[in-house]
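Scroll down for the structure; my scribbles are underneath it.
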Amino acid sequence: MSACKRLVCLIKPRSLWAPTRRNVSTWSPVGTAFNARPLKRQDFFEKTVGLFGVPELSSPAGFQVAAQTALRKTESLVERACSSPAGVGTVECFDQLSDELCKVADLADFIKVAHPDPEYREAAEKTCVEIGTVVEKLNTNVELCQSLKKLLDDPKTLAQLDPDTRRVAELFMFDFEISGIHLDEKLRKEAVGLHVKLLDLNNEFLIGSHTPNRIAKSAIPQHLHMHFGSEGSFIQVGGLHADSPDDLLREIAYRVYLYPNADLMDCLEELLKCRYKLAKLVGYKSYGHRALKGTMAKSPETVMSFLQLLTDKLSDRTKKDFQMMRDMKKKLNPRNPELMAWDHPFLSGVLRAERFNIEPSLYSPYLSLGGCMEGLNSLFSQLYGVSLMSEHPSAGEVWSEDVRKLAVVHETEGLLGHIYCDFFQRSDKPHQDCHFTIRGGRWCKEAGRYQLPVVVLMLSLPHPTKSAPTLLTPGMMENLFHEMGHAMHSMLGRTRYQHVTGTRCATDFAEVPSILMEYFATDYRVLSQFARHYQTGQPLPETMVTRLSESKKVCGAADTQLQIFYAVLDQIYHGKPQNRSTTEILKDMQQKFYGLPYTPNTAWQLRFSHLIGYGAKYYSYLMSRAVASMVWKQCFIQDPLNRDMGERYRREMLAHGGAKEPMLMVEVCLSGFVDFTPELSHLWGPPSSPTVFIKYPMGAVEDFLQKNLQIGHNTDMFWL
């Protein structure tokens, strides 16, 4: 019996899961874990191990204990880094220092948004601020910087470093530089102060961007009250209701949810001012220039050229798409035919459904959550030799009883890491699909073993019922594959240093593995392996998959143009300050880069939460899709289950995390498939040039816009 099979026997879920009825066959262990409702633990004497197995986190107060422990270790590591001779050990010390802080900060960053207990969330938030403040002080610690500078300034010592160690050293130095290490003491303190202020502003804006707006019940028709939350004499509007067939409901939700909040508006204006001031203080033209240094795009100018090229290529198609929507609205509502921003998502869906009969309810019975997880397990096994295996969380290890834990096991390498799957809806949980790194992978020289990565995937899926497992729409299934792409990047990125582990790479490259997974999610050769009716076992017909794929082309240009508008707005907000409000900028950019009219007394930018985590980098979704499209076309379109290609993709792209230049990884992965002839090099520039960004995405954009424009189910996941 192989080690892999022995592990299956050890962790095969039996007693903790209550399986739902399946008439045709039994689910595999991983399918059972996700198609069943977890039973409550009966062992009240089982010792609590703490969140993620961290003993201190058995209570909210444990965050302070964990933070103080990390800070004590940090002091010791700083002293060691400053006193040790320059060499590989310097970089290892820096990485260990980073790891000690990240293991607490990253965990707290997740708990502050996901834990159902407000005391845990509050304790985690305080820890985030405390650790964040320390990090900014370390980034302006002159003595610490000098210990690294001695290494990088010594040609003889530098020549002895392996490529990964040298890159990590350069990335740590880059962190010093963008934090203002070159400034005098007074200005360094000012930079730290701005960083700390931004921590508070970021948190305030993030919370505010998800807070519902209220309106008196008497202000909206009574028959619409049932669609909103209620608070005394007020209605709470917490979303856009973009898919509702009721025109009036969509309009009211849009106008109320996006109604400007003066305090949040001030917060955003101050946040953007602080970012610009910080960027100028440390020597950059704008925050955008600071944020994009080190990415594939390199500069805001390159990003804007990319976005303008997309807009120019899409122009005629976008106009046709909007005209189709106008015609459909006129057909559905002759008395009010004007096309407005709140109509776009609904009408594009109606047009797709009308042409291709892709009602989600027709697909959902074939896409049980457990079946989809079995499909992912099969896909990863065939591509990488990796299996997903269900494990029982220990008491106190997870923050909600419906969280599932997966071990990721390679057929020869053994256990690679763990994925915690927080997939189900609950109150106070953000309605966003996200990947969180809890602990990065790294080689622990001090322990003589590899520190295994731990991540969380967070979705908002309905719970299984007594009669049926959780059934996914095609969009939910694609989102699941997308987020699992991030998780496997973290699991398969076996880097020596945690500073560059998995998704810790350039933002505009980090989305490539996740977007690539969306291509697998809509390929019949992949779907046919797992998409079966949960009751009858009948496979999803190939004709339905074909219709779904073809439907994505309908209104694709308009959907992509909406994303371009968001990306442009992000760039303008993070450019040089303009003597006008964020709303005036939005109105102007909406006219130039979208086409549908701005609605007075609305402020969509106050719901643009990506401004926090993706500030000046929202374009990354578009650019990563262009790169992912090339990887799919050159490596997997002929055979999406090809093991040789899977191993090549892992070896050349996933395994390195951020330890190599992103475009160099793409070039090596695609070498032999894409023409890299010297005659065309004048169009590209050398790998170190900002114009290397044009090398793949621009070609992919032109190719796919002309031949195979495909757009996903919503405005956050689209296809090029």
Side-chain angles (χ1 to χ4, degrees), residues 34 51-52 102 105-116 120-121 124-125 128 202-203 205-207 209-211 238-239 369 372-373 376 398-400 402-406 408 417-440 453-462 470 472 475-491 493 501-505 507-518 521 563 566 607-615 617-618 620-621 624-625 712-718:
F34 288 89
L51 293 171
F52 298 102
C102 286
D106 290 344
L107 192 156
D109 201 42
F110 167 71
I111 292 298
K112 76 177 184 182
V113 299
H115 204 290
Y120 266 99
R121 294 200 301 269
E125 173 57 33
C128 285
N202 289 345
N203 187 56
F205 183 79
L206 200 57
I207 292 174
S209 67
H210 295 294
T211 301
L369 176 57
C372 291
M373 293 303 295
L376 285 163
V398 295
W399 48 101
S400 179
D402 56 18
V403 174
R404 272 63 159 175
K405 181 183 180 183
L406 295 177
V408 180
H418 285 96
I419 303 171
Y420 290 83
C421 301
D422 187 357
F423 284 175
F424 300 104
Q425 298 169 346
R426 62 175 177 270
S427 60
D428 295 329
K429 179 182 176 182
H431 294 287
Q432 285 188 318
D433 299 339
C434 305
H435 163 273
F436 293 86
T437 297
I438 302 300
R439 185 177 70 199
V454 175
V455 304
V456 174
L457 296 187
M458 189 164 71
L459 305 176
S460 294
L461 304 178
T470 294
L472 309 187
M476 290 176 181
M477 186 266 290
E478 288 174 28
N479 284 358
L480 170 63
F481 272 61
H482 178 102
E483 298 304 332
M484 192 60 77
H486 284 308
M488 294 310 293
H489 195 184
S490 294
M491 295 295 111
T501 185
T503 57
R504 287 178 179 160
C505 55
T507 306
D508 49 11
F509 179 76
E511 292 295 329
V512 172
S514 56
I515 291 172
L516 181 65
M517 282 296 295
E518 295 175 35
Q563 291 298 309
Y566 294 159
R607 300 297 181 180
F608 195 9
S609 59
H610 282 80
L611 288 173
I612 302 305
Y614 279 74
K617 298 178 182 179
Y618 191 79
S620 297
Y621 290 107
S624 292
R625 190 166 297 284
H713 66 283
N714 62 33
T715 58
D716 286 329
M717 306 291 182
F718 50 85

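Small disclaimer: the values here were computed from a predicted structure and weren't measured.
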Answer yes or no: is there a side-chain heavy-atom contact under 4.5 Å between [X] and [Y]?
{"X": "Phe34", "Y": "Arg404", "value": "yes"}
{"X": "Val512", "Y": "His489", "value": "no"}
{"X": "His482", "Y": "Asp433", "value": "no"}
{"X": "Glu483", "Y": "Ser514", "value": "no"}
{"X": "Leu376", "Y": "Met517", "value": "yes"}
{"X": "Lys112", "Y": "Cys128", "value": "yes"}
{"X": "Lys405", "Y": "Phe52", "value": "no"}
{"X": "Met491", "Y": "Val455", "value": "yes"}

Quick check: closest heavy atoms across [X] and [Y], and the distance to 0.1 Å?
{"X": "His435", "Y": "Ser490", "answer": "NE2-OG, 3.1 Å"}
{"X": "Ile111", "Y": "Arg121", "answer": "O-CG, 3.7 Å"}
{"X": "Ala124", "Y": "Ala108", "answer": "CB-O, 3.4 Å"}
{"X": "Arg504", "Y": "Cys102", "answer": "NH2-CB, 4.1 Å"}
{"X": "His486", "Y": "Ala510", "answer": "CE1-O, 3.4 Å"}
{"X": "Met476", "Y": "Pro462", "answer": "CE-CD, 4.3 Å"}

State the CD1-CD1 distance between Ile438 and Ile419, to the nearest 0.5 angstrom.
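Ile438 atom CD1 to Ile419 atom CD1 measures 12.5 Å (nearest 0.5 Å).
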
Applying side-chain hydrogen bond (donor to acceptor under 3.5 Å, both in side chains), can you list everything that pairs with His115, at least two apart in sequence or on another chain?
none

For the backbone of Leu206 and the side chain of Ser609, can you confirm whether one donor and one acceptor N or O come within less than 3.5 Å of each other?
no

Under the rule for ring pair (Phe, Tyr, Trp, His ring centres under 6.0 Å), what residues qualify as partners of Tyr614, not counting sequence neighbours?
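By the ring pair (Phe, Tyr, Trp, His ring centres under 6.0 Å) rule, Tyr614 matches His610, Tyr621.
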
Mind checking salt bridge (Lys or Arg N to Asp or Glu O under 4.0 Å) for Asp422 and listing every partner two or more places apart, or none if nothing turns up?
Arg426, Lys429

